[in-house]
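First the structure, in the form of C-alpha cells, and then the observations on it.
By convention here, the first residue in the shown sequence is residue 1.
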Amino acid sequence: MENQPPRTSQAKRGKFLQLLRWIALLVAGIVLLIVISGVSYQAIEARADARRFRQVGKSVDVGGYNLNIDCTGKGSPTVVLVSGLGVPASGWRLVQPRIGNSTRVCSYDRAGYGWSDPGPMPRTLSELAKELHALLENAGEKPPYILVGHSFGKGSVLVYSKLYPDEVAGMVLADGGPNKLKLPASILAPAEADLRRRERDRIYASVLYFLGISRFLAKEDIEGAGPPTNDQEWYYHAIQPKFIRATTSEVEEQFAGDSEAELADLPPLGDKPLVVLIAGKGMWGLPLTSQDWVDLRKTWVDGQIQLAQHFSTKGKWLIVSDSSHMIPEERPDAIVDAVHEVYPGAAR
C-alpha cells in the first residue's frame, strides 16, 4: 500500500491519456475529412472532365487491355500516324483530316495515353511495335501501311518495319533524330535530372490523383477559359497515373533500356520510299546556347540525313526551316506533302 502512487497522480495521468486519445481522434477525423473531401473532389471533377473531353475513336482489345484508335477516310495504303513522347492521338488533329480526304489514315493512343488502357512494362520499342500491330489487326485495318513517326515515334516505326516488313509500303520520319545519339555531359546532366523527376512523380502519381491533389493543381490548365482546347485535353490526360507511368518508362528505355540495340540491326527498306523531315529551328525548339548544343545539333541533323540516304534507295530528306521540333503542329502541310512523296495518290 505504501508503494502505490497517490490517487491524485493516477487521476491526472488518466485525464492526460484521455486528452491524448481525444487529440488523436480529432487528428484522425481531420485527416479522414481531408481524404474524403479530396476523393469526392476528384470524383466530381473526373465526371465533369469526362463530359467535356470525349473519346475520339474506338477502344480495341489487344490482349487483355484496350487501345484507342481513330481511323478516317478510305483507300489504300493506310497511313498510320505514330506520335512523339507524351503526345496522344490528338496531336495529329491538323494532319489527319488532310490525309483522310484521299486515303485511309489512323492515329492512336499508345498504352497509357489518352483513352487507352495502361499496358505491360517496360515500354520497349518492340513492345510498342507489337501492340501497334495487334491494334491494327484487331481493328480490322489491312496492310500495306505508310508509317509516319514523329520524334520518339520514329523508334517504334523502325522496329515495326523490322518485325513486319511485308506490311510496310513506305515511311515518313519527322525529326526523330539519329538512331545513335550521345549527349555531352552538359546536356546529359539536366536530361538525367528530368528522368529522376519523372521517376519521383511516378511514385506518388496514384496517391496525388486519388486524393484530387493533381487535379486541383492542374485546375486552370484543364478548365481555363472558353471551350475545351487541345491543350486542356492534354492536361486532363497528363495528370493520370497511367500516363505518368507510360511516359516515364519510355524515357527510361531511351536512357538505360535496349532501344539502341533494338535499332542496331534494322534491315534496310530497300526500294520502299522514305522521307525524312528535319526541323530547322534549333534543337527541340531550344536555342543553341553553347558549343555543345551546336555540335549536338549537327549530329542530330547529319544522323537523319544519313538515315535518309542509306536506309532506303528511295530516301529523301528535307529541312523544314520555319518549324521547331513539333512539325505536326507547326507545319502539318509538310507531313501531308511527305506522305504524298511516299505515295502520290495518298494525300491529294
Check whether [X] reaches the backbone of [Y] with its side chain - one donor and one acceptor, N or O, closer than 3.5 Å.
X: Thr247; Y: Gly86; value: no
X: Asp221; Y: Tyr235; value: no
X: Ser249; Y: Ala246; value: no
X: Lys162; Y: Glu262; value: yes
X: Ser37; Y: Leu33; value: yes
X: Glu260; Y: Lys180; value: no

request  = Could you tell me which residues satisfy ring-ring contact (aromatic ring centres under 6.0 Å, His included) with Phe311, sequence neighbours excluded, listed by chain and number?
outcome  = none
query = What distance do Thr248 atom OG1 and Phe243 atom CZ have between them, rounded to the nearest 0.5 Å?
reply = 9.0 Å
query = How many angstroms lie between CZ in Arg196 and CZ in Phe255, if you round to the nearest 0.5 Å?
reply = 9.5 Å
[Y] versus [X], side-chain donor and acceptor atoms under 3.5 Å:
X: Ser156; Y: Arg110; answer: no
X: Asn230; Y: Ser90; answer: yes
X: Asp295; Y: Gln291; answer: yes

query = Are the side chains of Val60 and Tyr108 in touch, meaning some heavy atoms are under 4.5 Å apart?
reply = no
inquiry  = Would Asp292 and Leu183 count as a side chain to side chain contact (heavy atoms under 4.5 Å, CB included) here? Give the steps.
reply    = CA-CA 9 Å; Asp292 281 346; Leu183 299 178; over 6 Å; no
inquiry  = So, applying side chain to side chain contact (heavy atoms under 4.5 Å, CB included) with Leu135, which one of Asn66, Asn68, Leu67, Asp61 is it?
reply    = Leu67
query = Relative to the ring of Tyr236, is the ring of Phe53 parallel (under 30°), tilted (30 to 60°) or perpendicular (over 60°)?
reply = parallel
task = Determine the interplanar angle of the Tyr164 and His133 rings, folded into 0 to 90°, and report it as parallel if under 30°, tilted if 30 to 60°, perpendicular if over 60°.
result = parallel
message = Starting from Ile244, can I reach Phe152 by hopping between I/L/V/M/F/W/Y residues whose side chains sit under 4.5 Å apart?
response = no
